[in-house]
Each structure stands twice: as C-alpha cells, then as structure tokens.
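The structure appears right after this line, and notes come after that.
Note that this is a predicted model, so its numbers are computed, not measured. Naming: A, B, ... by sequence-line order, numbering from 1 per chain.
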Amino acid sequence: MVVKEIPYFDLSEICDSGQCFRMERITENEFQIRAEDKYLRATQEGETVRFDCSEEEFETFWKHYFDLERDYGIYIEAIDPEDTYLKTAAELGSGIRILNQDLWEMIVSFLISQQNNIFRIRKCIDRISRRYGEEKRAADGTVYHAFPTAEALSQATEEELRDCNLGYRAKYVRDTALRVASGEVDLAVIRKMTYPEAREELLKLYGVGVKVADCICLMALHELSAFPVDTHIRQALEKHYPGGFPAKRYGGMEGVLQQYIFYYELIHKE
DNA sequence: ATCCAGGAGTGAC
DNA sequence: GTCACTCCTGGA
C-alpha cells in the first residue's frame, strides 16, 4: 500500500479523459487500472491517493505510468490569462495527467478507436484481452488478463477479431500485429525516435492516419507536442479559435492542452 | 429511418 | 492535393 499527497492529480478526471481504455471506476472514488500485464486498485480522497501495490511496484512502474514526476502546475500557469475558454477547461481538468502507456497497447487501442466510441472501444479491448491476453492473478486474488502481445494477436484470424466486435478495424489490427511480430516493424526503434520520425513511421502502419498517429505519440511516446485533432477537438477549435489555435505560444505542451479541451468538451456535451 | 461515434483506405479527378 | 465513397456496429 502506497499513500501519497499529489497536487494536480485526479483519478476520476484521468479515467474520464479517455486516454486509457482499461481504467474503470469501481465506486465513486475507487478505480481499477490494467496496464500492460499489471493490475492496480487506487483510491482518491482529496489530494490523497492510495495505490494498492508494493512500494517497489509503485516506484518502478506506477509512478512513471501516472507521470507523477512532472509538475502540471507549470502547464496551467502558462495559459494565457485572457483565454478564458482554455483557462476554464484547464481548471476543470487540472487533475489530468498524460499517462505513460505502452506503445504496442496504444497502437492497437487507437486503431480500434477510429469511428468508434469510448464505451465500445473498452468492450473491444476487454474482449481481445480475454481471448488473447495471458490470464493473471493480482495479489488480492483478482483475475484479469494482460494486454495481448503482438505475437498472440498475429495468431488470430480476421474473422476471430471481428468476433471481438472490431468490425472493419480487424484487418488493421491483424496486419499490424503480423508486422510487429515478424520484426518488420521494430517498436524499440520507434520508441527512440524523435516525434516527427516516430509519427512518420507510425503513419506507415495499415489503419494509422494522422489523428491515430498523434494519439499514439502523445499517450505512448509522451510527446507532449502532439496535438491529436478528432471531430470533437476540431469543432471546439472552430468555435473558440476561429483564427487558429495559438500552437506557437504553447509549443511543447499542446498535448496537455488538448486533453484539457477534450475533457471539457466531453463533460459539457451532456 | 438516417446519421454518426475520438478515422482511414481507396480510387477518381 | 482534395474530394466522395466505403467500411462494422449500435444507439439516438
């Protein structure tokens, strides 16, 4: 059990920000997170966060996963005080972190995300994890499944992936899994690339376009310059920044702001 | 019913 | 380079 006081950190906001499809709310302030082959329960009361894991696992994995060594106050303070829209959005989502998620997991997750909604993306990922991911047992006895490896997914047929409700995205996942499993695409190499290089390389994958590539760069490679533009972001930008988003002013932190905007729009559309 | 949800591939111009 | 069209699926 690890207990920390963490400013600018809110599990609920992170869960709802839509960057992790394997994080779920159990009760009002208790959450479960599955990442790679790991499982965690965490609870939040004010700024106090309780991580249900050993000190070692926290230090070696979750601390980095939740990006706890970064001060997000800097980003919020950097926002133009006259930009009331962005200020309001950042205030609403001030507990959001850009998680450090696994590259392979993000590639598959965002391939599935296209023309899809969060609820169904979660279901798709849950299904492929159950079918192709290794069964694991957490310290508290909870049975869960690791995210399936490229090798495991490459064994699946397109039809089997369609049975997991991937629809036409099944061929994208299968093709990418085959190319990664065969070594034709080397994720270790992509991890070391600069943002423009990695983006270009990801765009070569079947089913990866500009938006998905930027999501992967932001969520897995932690390229905070990446600014994924989906339909919701595009609509928000058209409405609030008719002259264009001041990306120049916010160079290097566009991705963080994208999350604040996305979260704000998500909350306000209901 | 038609449209669209956190898009991308394809072919036509 | 920019359209228009298509691709699963299901909820409004």
B:dA5 base / A:Gln115 side chain donor-acceptor hit below 3.5 Å: yes
For atom CZ of A:Phe119 and atom C1' of B:dA5, their distance in whole Å: 14 Å
Sugar-phosphate only, base, or nothing, as touched by A:Ile118 at under 4.0 Å among non-hydrogen atoms: base
Whole-Å gap separating C1' (B:dA5) and CZ (A:Arg234): 13 Å
Nucleotide forming a Watson-Crick or wobble pair with B:dG6, both distances under 3.5 Å: none
Shortest side-chain distance from A:Tyr206, nucleotide among B:dA5, B:dG6, B:dT10: B:dT10
Sugar-phosphate, base or nothing in reach of A:Gly207, heavy atoms under 4.0 Å: sugar-phosphate
Distance-only donor-acceptor test, A:Arg169 side-chain atoms vs C:dC7 base atoms, 3.5 Å: no
DNA chain C: 5'-proximal contact among A:Gly167 and A:Lys123 (nearest heavy atom): A:Gly167
Sidechain N-carboxylate O distance under 4.0 Å for A:Glu24, A:Arg34: yes
Spacing between A:Asp214 atom CG and B:dG7 atom C1', to the nearest angstrom: 13 Å
Residues A:Lys171, A:Glu158: salt bridge by 4.0 Å N-O rule: no
Interatomic distance, A:Arg120 CZ vs C:dG10 C1' [rounded to whole Å]: 6 Å
Separation of atom CG in A:Asn117 from atom P in B:dC3, rounded to whole Å: 19 Å
Presence of salt bridge, A:Asp186 and A:Lys192, under 4.0 angstrom: no
G-U wobble or Watson-Crick pairing nucleotide for C:dC8 (cut-off 3.5 Å, both distances): none
Length of the CZ-P vector between A:Arg127 and C:dG10, whole Å: 8 Å
Touch class at under 4.0 angstrom, heavy-atom based, for A:Leu205 against every strand present: sugar-phosphate
side-chain hydrogen bond (donor to acceptor under 3.5 Å, both in side chains) evaluation trace for A:Asp67 with A:His222: CA-CA 10 Å; A:Asp67 206 25; A:His222 218 75; 3.0 Å; yes
Distance-only donor-acceptor test, A:Tyr172 side-chain atoms vs B:dG7 base atoms, 3.5 Å: no
Touch class at under 4.0 angstrom, heavy-atom based, for A:Ser109 against every strand present: nothing
A:Lys211 (side chain) and B:dG7 (base): donor-acceptor pair under 3.5 Å: no
B:dG9 versus C:dG10 - spacing of their P atoms, nearest Å: 24 Å
Gap in Å between the two C1' atoms, one belonging to C:dC5 and one to B:dC4, rounded: 16 Å
Centroid separation A:Tyr250 to A:Tyr75 less than 6.0 Å: no
Distance, P atom - from B:dC3 to C:dA4, rounded to whole angstrom: 15 Å
Nearest-Å distance for atom pair CD1/P, residues A:Ile112 and C:dC8: 15 Å
Salt-bridge contact A:Glu105-A:Arg22 (side-chain N to carboxylate O under 4.0 Å): yes
Rounded distance in Å between the P positions of B:dT2 and C:dT6: 15 Å
Pairwise 5' ranking along DNA chain C for A:Asn165 and A:Gln114, keeping only the more 5' one: A:Gln114
Gap between atoms CD1 and C1', on A:Ile121 and C:dG11 respectively (whole Å): 15 Å
